[in-house]
Amino acid sequence: MKHVLIIDGLNLIHRARVAMQDAEHGCTFAALRSIRSLVERFKPDVAYFVLEGVPRRRIEASEGTYKAQRVGMDDAFRNQKRQITDLISRHLPVIVTRHADYEADDVIAHLAQKHHHEDRVTVVSTDTDFIQLVSGDDRRITLYSPIKDIFVEAPPYDYVRWKALRGDGADNIPGIPGIGDKRATALVTEAGALETFFTKKPETRAIFEHNLSMIGFEDLAETWGQTTFSSPIRRNDELRGKLQDLGIASLTNDKTWPKWVGSFDRMWIQFPSLAA
């Protein structure tokens, strides 16, 4: 059984941006530092950095409102995102993964539940949607929240059904009017409560069913072959030169560089035999 580390890529990049928002290449520096820290902590056999595609079905099903409230990236952030992706995909034994037609959430779920179904998996993200992966008695998959520095435990109820009642403001998915956290919990934990609620308010069932389809992970089985995977090559001197050109001296000085790049040695020894 391998240990697989799956990093929610854009989630990490956004956190890196907040951490180093004033420096010219601060986001790139913080992202690379974070990846090294995760590799040091979890010592994975295989690691993925999963990027976003376009969730076409969800956008169509919501008539364009899905995540429509989110502010787009400015040029500086977009450029650093491109830098980070390029550096990882070319120079680190971390597989950059993306499916053009699906979100990172769906790709991560497929990697954890199906592609690596016999392995131990750690998912790194602050996105609560991944609580779906740790529900039930299967302890093979764990969810690590880097901001809180904790492993997130599954609630004692069906999280997807709870969230379908409650809605998801982060994704612009409205919940059922009048349903708060406590009411949603009662409806999904008390026997027969949800069906009784729908009997009294039949118009809410359609909202609930719609939300279930928006919140649950997509099935990528038929299109998994369209997923892209990077093929990095170990060229440490070239990587160091690129980082020096960006002015990231704190990673590339003679004292720090051997330690930073050495964190990936164990993974390179096994790479690419364990790659996707």
Side-chain angles (χ1 to χ4, degrees), residues 4-44 46-53 67 69-98 103-105 107-108 111 121-130 142-152 170-171 228-230 232 236 238-253 255-257 259-264 267:
V4 180
L5 179 67
I6 306 179
I7 302 169
D8 184 351
L10 192 58
N11 187 270
L12 181 144
I13 293 172
H14 276 295
R15 295 197 310 275
R17 181 191 195 186
V18 172
M20 298 290 291
Q21 57 184 333
D22 295 329
E24 182 180 2
H25 299 290
C27 183
T28 301
F29 163 71
L32 294 176
R33 183 178 61 180
S34 294
I35 291 171
R36 186 251 183 173
S37 177
L38 291 169
V39 167
E40 280 285 308
R41 173 166 185 157
F42 295 110
K43 296 180 171 50
V46 184
Y48 294 91
F49 190 82
V50 185
L51 298 176
E52 298 287 339
K67 294 187 176 180
Q69 85 287 8
R70 297 194 178 186
V71 178
M73 304 177 191
D74 57 41
D75 288 341
F77 180 59
R78 187 179 294 106
N79 289 337
Q80 290 197 73
K81 176 179 175 290
R82 190 179 300 113
Q83 278 180 2
I84 294 163
T85 302
D86 181 73
L87 290 168
I88 298 169
S89 63
R90 292 175 182 272
H91 298 289
L92 294 182
V94 177
I95 306 165
V96 177
T97 309
R98 180 178 182 270
E103 293 180 85
D105 300 29
V107 175
I108 290 171
L111 283 168
V121 177
T122 299
V123 175
V124 179
S125 181
T126 61
D127 189 340
T128 59
D129 282 342
F130 292 115
T142 55
L143 172 60
Y144 174 70
S145 173
I147 290 181
K148 296 182 179 180
D149 189 22
I150 61 170
F151 287 95
V152 180
D171 291 343
T228 60
F229 301 91
S230 64
N236 289 343
E238 183 178 329
L239 173 60
R240 189 180 190 182
K242 288 183 177 181
L243 295 178
Q244 287 172 334
D245 289 343
L246 294 176
I248 304 179
S250 57
L251 288 186
T252 58
N253 63 63
K255 181 178 180 180
T256 304
W257 179 250
K259 297 178 182 178
W260 189 85
V261 76
S263 297
F264 301 96
M267 295 176 65

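Computed from a predicted model, the values in this text were never measured in an experiment.
- A donor-acceptor distance shorter than 3.5 angstrom exists from the side chain of Thr97 to the backbone of Ile95, with no hydrogens or angles considered.
- Ser145 places no side-chain N or O within donor-acceptor distance of the main-chain N or O of Ile150, the cut-off being under 3.5 Å.
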**Study point:** Stepwise side-chain contact (heavy atoms from CB on, under 4.5 Å) check, Asp129 with Asp171
**Key:** CA-CA 10 Å; Asp129 282 342; Asp171 291 343; 3.5 Å; yes
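- Salt bridge annotation for Asp86-Arg82: absent, with no cationic side-chain nitrogen under 4.0 angstrom from a carboxylate oxygen.
- Shown here is Arg90, whose CZ atom has no more than 12 heavy atoms of other residues, nucleotides or ligands within 6.0 Å.
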Atom pairs and distances, donor-acceptor, side-chain atoms in residues 239-249, under 3.5 Å, two or more places apart:
unit_1, atom_1, unit_2, atom_2, d
Arg240, NE, Thr252, O, 3.0
Arg240, NH2, Thr252, O, 2.7
Arg240, NH2, Asp254, OD1, 2.9
Lys242, NZ, His91, NE2, 3.0

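- Taking Glu52 as the reference, nothing meets the side-chain hydrogen bond (donor to acceptor under 3.5 Å, both in side chains) condition, with sequence neighbours excluded.
- Contact check for Pro44 versus Thr122: no side-chain heavy atoms found under the 4.5 Å cut-off.
- At least one side-chain heavy atom of Leu32 sits under 4.5 Å from a side-chain heavy atom of Ile88.
- Residues forming a side-chain hydrogen bond (donor to acceptor under 3.5 Å, both in side chains) with Ser34 (at least two apart in sequence, or on another chain): none.
- Panel note: side chain Asn11, backbone Thr126; a donor-acceptor pair is recorded below 3.5 Å.
- Looking only at side-chain heavy atoms (C-beta outward), Val152 and Phe130 stay at 4.5 Å or farther from each other.
- Contact of the Asp149 side chain with the Tyr144 side chain is registered, since non-hydrogen atoms from C-beta on lie closer than 4.5 Å.
- Residues Asn253 and Ser250 approach most closely at ND2-O, 3.6 Å, considering heavy atoms.
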Point to revise | Verdict with reasoning, Ile108 to Val123, per side-chain contact (heavy atoms from CB on, under 4.5 Å) | key: CA-CA 8 Å; Ile108 290 171; Val123 175; 3.9 Å; yes
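- Counting heavy atoms from C-beta on, the side chains of Ile84 and Leu12 never come closer than 4.5 Å.
- Annotation: side chain of Ile13 is in contact with side chain of Cys27 (closest heavy-atom distance under 4.5 Å).
- Proximity of a side-chain donor or acceptor of Ser37 to a complementary backbone N or O of Arg33 within less than 3.5 Å is not detected.
- Lys81 is listed as a side-chain neighbour of Leu10, based on a closest heavy-atom distance under 4.5 Å.
- The environment of NZ in Lys259 is sparse: at most 12 heavy-atom neighbours from other residues, nucleotides or ligands sit within 6.0 Å.
- Two residues are said to be in side-chain contact when any heavy atoms from C-beta on lie closer than 4.5 Å; Phe264 and Asn236 fail this criterion.
- Minimum heavy-atom separation, Pro232 to Pro93: CG-CA, 4.3 Å.
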